[in-house]
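All remarks here apply to the structure that follows.
Quick note: numbers below take in every heavy atom, side chains included, and nothing from hydrogens, waters or symmetry partners. Residue indices begin at 1 and follow the sequence shown.
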Amino acid sequence: MISVFRPFWSYDVNATENWLTYMAQQGYHFVKFNRLTRRFYFEKAGTIMQTPTYWIEHEKRGKADLSKALQEDGWRQIYAERNWHVLRNEKTLHDITTLPAREGMIRRNDTLRKLFFILLLALIFTALPPVLLLGVSLVMAGVPPSVEGGSGWLFTALIGLSLWMYIPYSFFKLNQSVKQLEACDVLENKQRLSQEKYTSDFVKWRLGWIYAPDKLEKWLEAMAKQGKQLVAVRTFGIRFYFKDSRPQHIRYCVDYQKELNRAYFDMHLGAGWRLMHASKGFMNKWSIWSMAYEEGEELPQLYNDTVHMLDHAKRIAFSHLFMMLPMTSMYVVLFSMQWSADMGKMDWFMLIVFGIAVIEFATFSLQSGLYYQRIRKRVSKFFP
């Protein structure tokens with residue numbers, strides 16, 4: 001038995017599956033892998049497989065829970081450990097008609113991607129103050145600050161360099177992996193159903209609407225009553241294209257989901273909603289839906305369950321607060337540390353930078369909290 005070390009194999013499962021096929025063609029049959037040591041184990045077989053197909057799943061199911069359709073198409077589970085499952089099919093990928101699902105792997109890698117994104121932000125914001133300080137020192141004094149101390153700084157520098165290599169690599173690799181695993185064409189095709197070819201008369205910019213989506217809904221509905229109809233949303237969801245038309249009653253709903261898949265779009269399109277925008281962001285997956293109605297008719301709702309409405313608002317608010325409150329706290333500390341009675345030009349510059357950061361992150365946090373409170377009051381009317 002031989003073992004092969006692959007530390008980042010789960011970052012690109014497609015490449016790992018192809019590698020397992022290559023090893024089988026060389027006469028090495030996969031036996032197991034160790035999640036902690038990141039090692040794959042193979043046995044040298046007497047017979048060489050032609051072109052088997054491997055599939056790696058991350059699902060909560062038992063060993064015997066492989067669907068009948070997959071079994072009839074030749075899939076067999078050859079290894080299982082906790083939520084990891086390795087399947088093999090003796091046929092080539094071209095001859096296979098039924099493929100296992102990817103949702104579990106997408107969720108797993110998407111969660112890791114978000115975690116490494118937060119770590120990357122923390123790394124950037126931690127490094128930003130000393131970098132700014134160094135830059136201001138070079139501009140004003142012309143001489144970089146000296147480094148004093150023994151060999152401890154070298155050890156710290158090596159740790160910092162390792163983090164700067166590992167965290168960005170993991171984030172970008174996972175980001176690429178999720179994009180490959182997701183059915184991105186589904187999202188693009190659904191958008192084309194609602195936004196084929198459009199002509200616009202004017203453009204308006206709307207920054208930071210994700211922190212108060214209910215206000216965006218009211219703004220779009222007011223624009224429609226004035227004869228300004230939304231036709232498209234572009235530029236990362238902040239550029240809104242309108243055309244002049246007759247005044248209409250149009251209900252707009254802004255939705256936030258962890259995943260945007262085929263079933264999600266089919267459900268709302270089938271109910272008569274029109275998709276105006278859908279983001280592909282890894283932290284925030286937003287969609288904007290519209291539906292015209294006549295005056296006097298019941299106001300269309302994307303979701304009629306008030307409990308769901310409250311949970312939806314809570315998920316939006318808490319996801320933003322989780323991001324913004326630590327950043328706000330960090331810059332408050334930096335602001336207080338920078339403040340002193342005797343400050344020079346460089347101190348004032350850094351103080352202004354930290355002050356702007358505190359105001360920005362605090363504003364976003366406040367907007368998210370107020371949005372949740374507004375939805376709570378609205379829901380309380382249904383449950384007094």
Side-chain angles (χ1 to χ4, degrees), residues 186-195 198 204-234 236-243 245 247-281 283-320 367-368 370-383:
V186 173
L187 178 57
E188 294 168 357
N189 291 336
K190 295 302 182 183
Q191 283 187 278
R192 280 196 288 270
L193 290 174
S194 297
Q195 304 177 18
Y198 64 89
K204 284 187 175 293
W205 296 79
R206 197 78 174 182
L207 302 174
W209 59 263
I210 62 174
Y211 303 104
D214 58 329
K215 291 186 176 181
L216 177 70
E217 295 173 352
K218 292 180 179 180
W219 175 65
L220 292 174
E221 291 168 2
M223 294 289 285
K225 291 179 180 179
Q226 298 172 14
K228 313 296 183 183
Q229 183 181 352
L230 179 70
V231 293
V233 182
R234 292 289 186 269
F236 306 107
I238 61 175
R239 196 175 185 184
F240 292 76
Y241 293 79
F242 294 86
K243 70 175 182 181
S245 65
Q248 300 180 71
H249 292 277
I250 300 179
R251 171 65 171 149
Y252 288 93
C253 289
V254 180
D255 195 21
Y256 169 83
Q257 296 290 330
K258 292 182 179 180
E259 297 180 13
L260 296 179
N261 50 37
R262 184 185 300 272
Y264 171 80
F265 291 105
D266 288 342
M267 177 180 65
H268 294 308
L269 289 170
W273 289 90
R274 184 185 181 194
L275 180 64
M276 304 307 303
H277 170 69
S279 67
K280 300 179 184 178
M283 290 297 290
N284 297 320
K285 290 181 171 61
W286 293 90
S287 57
I288 301 176
W289 299 87
S290 69
M291 180 182 289
Y293 66 99
E294 297 297 330
E295 187 174 3
E297 291 183 352
E298 184 179 356
L299 188 68
Q301 295 288 348
L302 197 65
Y303 301 104
N304 293 320
D305 184 2
T306 53
V307 176
H308 177 89
M309 293 168 56
L310 186 59
D311 290 340
H312 180 263
K314 184 186 298 183
R315 186 166 65 247
I316 294 174
F318 278 77
S319 63
H320 291 151
Q367 285 182 332
S368 297
L370 291 176
Y371 164 69
Y372 176 63
Q373 292 298 324
R374 288 194 298 271
I375 299 301
R376 279 190 61 184
K377 290 181 179 179
R378 186 187 306 175
V379 170
S380 65
K381 295 180 180 179
F382 294 91
F383 297 94

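When side chains are defined from C-beta on, Leu275 counts as touching Trp289, because their heavy atoms get closer than 4.5 Å. With contacts defined as side-chain heavy-atom distances shorter than 4.5 Å, the pair Ile250/Leu230 does not qualify. Looking at heavy atoms from C-beta onward, Trp286 lies out of side-chain contact with Val233 at the 4.5 angstrom threshold. Side-chain contact between Gln367 and Lys215 is absent, with no heavy atoms from C-beta onward closer than 4.5 Å.
Distance check: Gln226 CD to Phe242 CZ gives 9.5 Å after rounding to the nearest 0.5 Å.
For the pair His249 and Glu295, the tightest heavy-atom approach, listed with the atom from each and the gap, is NE2-CB, 3.6 Å. Scanning both residues, Pro247 and Lys225, for their nearest heavy atoms gives CB-O, 3.1 Å. Of all non-hydrogen atoms in Glu221 and Tyr252, the two that sit nearest each other are OE2-N, 3.2 Å. Among all heavy-atom pairs drawn from Met291 and Pro300, the shortest one is SD-CB, 3.7 Å. Between Cys253 and Trp273, the closest heavy-atom pair is SG-CH2, 3.7 Å. The shortest heavy-atom contact between Trp209 and Gly237 is NE1-O, 2.6 Å.
Annotation for Glu297: atom CD counts as buried by contact number, over 12 foreign heavy atoms lying within 6.0 Å.
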